[in-house]
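Scroll down for the structure; my scribbles are underneath it.
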Amino acid sequence: RERESTMLKKYTTVLLILFNFIYLQEEYLVTIPATSYSDWIYYSLSSHSVISVEDPENSLEWDLAFQRKHIKTNSGLSGPGNGGAIVDSVGTLDSGAYTWVDNWAELNQLPEYELTWHIDITLNDFYDLTTHTFVEGIKNPALNAWGWFDDTYVLNPTNYVMFVRTANGE
């Protein structure tokens, strides 16, 4: 468990660096304490900070929310915003998939081919500590592709480039 938690913190931090670099064209590091199996941590890209939100389903204050490996955008079933996400796991025929490892220096705009923004929906992959089963929860399906757990419970990041829209649609 401890190893899983440490890796989760590491990769959540990496994701935020990526999200914020694309949005603001500046780089900074934020650690998100998203270790709870039940509580969401809300984040504002405009203020560069974790924020407290009383009624997230009706608030435009937050852009992203984190709970362990789950990520929400302020969109769809999560909130009233125009947020959303795209994961470029395809890239182009010439380049293959874009990854932040290989293509970080060239990333300054969305890819030119047709992309579909995904909004938050219900998915059945939230772990229930009581029943030890997977249950429904709301999150962004595109951002679900950022990593996967193998048979030994090690989190393996995909390193795909992920683009997000803020609650105001930027």
Side-chain angles (χ1 to χ4, degrees), residues 4-89 100 107-111 115-131 133-149 155 157-158 160-170:
E4 175 186 324
S5 180
T6 301
M7 291 192 64
L8 182 61
K9 288 177 188 176
K10 177 180 174 184
Y11 292 114
T12 301
T13 302
V14 171
L15 281 172
L16 273 179
I17 292 170
L18 175 63
F19 289 142
N20 291 313
F21 182 76
I22 299 299
Y23 176 66
L24 299 169
Q25 295 300 308
E26 64 183 67
E27 188 174 338
Y28 61 94
L29 177 65
V30 175
T31 300
I32 303 294
T35 59
S36 173
Y37 280 89
S38 58
D39 298 328
W40 286 91
I41 304 299
Y42 293 89
Y43 189 80
S44 168
L45 289 169
S46 61
S47 70
H48 306 280
S49 61
V50 171
I51 61 172
S52 177
V53 181
E54 284 187 34
D55 185 12
E57 290 83 13
N58 294 303
S59 173
L60 292 173
E61 296 176 65
W62 65 278
D63 298 302
L64 299 169
F66 300 88
Q67 181 193 87
R68 300 195 59 78
K69 74 173 194 82
H70 309 293
I71 306 171
K72 291 185 195 182
T73 59
N74 194 331
S75 68
L77 297 175
S78 292
N82 292 315
I86 296 170
V87 173
D88 186 357
S89 60
W100 68 269
L107 293 176
N108 58 14
Q109 64 186 25
L110 288 171
L115 296 171
T116 302
W117 288 97
H118 296 274
I119 61 172
D120 291 11
I121 62 172
T122 301
L123 294 173
N124 194 40
D125 66 346
F126 286 74
Y127 187 71
D128 185 312
L129 287 172
T130 305
T131 63
T133 60
F134 290 98
V135 297
E136 288 185 343
I138 298 171
K139 65 180 177 176
N140 193 287
L143 299 179
N144 207 32
W146 76 271
W148 54 277
F149 287 100
L155 183 61
T158 59
Y160 294 148
V161 173
M162 300 177 179
F163 299 96
V164 297
R165 280 194 312 211
T166 61
N168 67 8
E170 289 184 31

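If you read the sequence from its start, that first residue is 1, and numbering goes on from there.
Contact record, Val164 with Trp117: C-CZ3, 3.8 Å, taken as the closest heavy-atom pair. Smallest separation of non-hydrogen atoms from Pro141 and His118: CG-CB, 4.1 Å. Of all non-hydrogen atoms in Leu60 and Gly81, the two that sit nearest each other are CD2-CA, 3.5 Å. What you find for Ser75 and Asn140 is that their closest heavy atoms are OG-ND2, 4.4 Å. The minimum heavy-atom distance between Met162 and Trp146, with the atom names listed, is CE-CB, 2.6 Å. Closest heavy-atom contact between Thr130 and Asp128: N-OD1, 2.7 Å.
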- prompt: Does the pair Leu123 and Asn144 meet the rule for a side chain to side chain contact (heavy atoms under 4.5 Å, CB included), with working shown?
  reply: CA-CA 10 Å; Leu123 294 173; Asn144 207 32; 4.1 Å; yes
message: Please evaluate residues Phe66 and Lys72 with respect to the criterion side chain to side chain contact (heavy atoms under 4.5 Å, CB included), reporting the C-alpha separation (whole Å), side-chain torsions for both, the decisive distance (0.1 Å), and the verdict.
response: CA-CA 7 Å; Phe66 300 88; Lys72 291 185 195 182; over 6 Å; no
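To the nearest 0.5 Å, atoms CG (Leu143) and CG (Leu64) are separated by 7.5 Å. One finds the OG1 atom of Thr166 at 9.0 Å from the CG atom of Asn74 (value rounded to the nearest 0.5 Å). To the nearest 0.5 angstrom, Ser38 atom OG is 8.5 Å from Leu129 atom CG. To the nearest 0.5 Å, atoms CD1 (Ile119) and OG (Ser78) are separated by 9.0 Å. Distance CG/Leu45 to CZ/Arg165: 13.5 Å, rounded to 0.5 Å. Here the CD atom belonging to Gln67 is positioned 7.5 Å from the CG atom belonging to Asp39, to the nearest 0.5 angstrom.
By the 30° and 60° cut-offs, the orientation of the rings of His70 relative to Trp40 is tilted. Between Tyr37 and Tyr127, the angle of the ring planes lies from 30° to 60°, which puts this pair in the tilted group.
Within the 3.5 Å criterion, the main-chain N or O of Ile51 finds no donor-acceptor partner in the side chain of Trp62.
Looking at Asp120 and Thr73, their side chains do bring a donor and an acceptor atom within 3.5 Å of each other.
Taking the side chain as every heavy atom from C-beta outward, Asp125 and Lys69 approach each other to under 4.5 Å.
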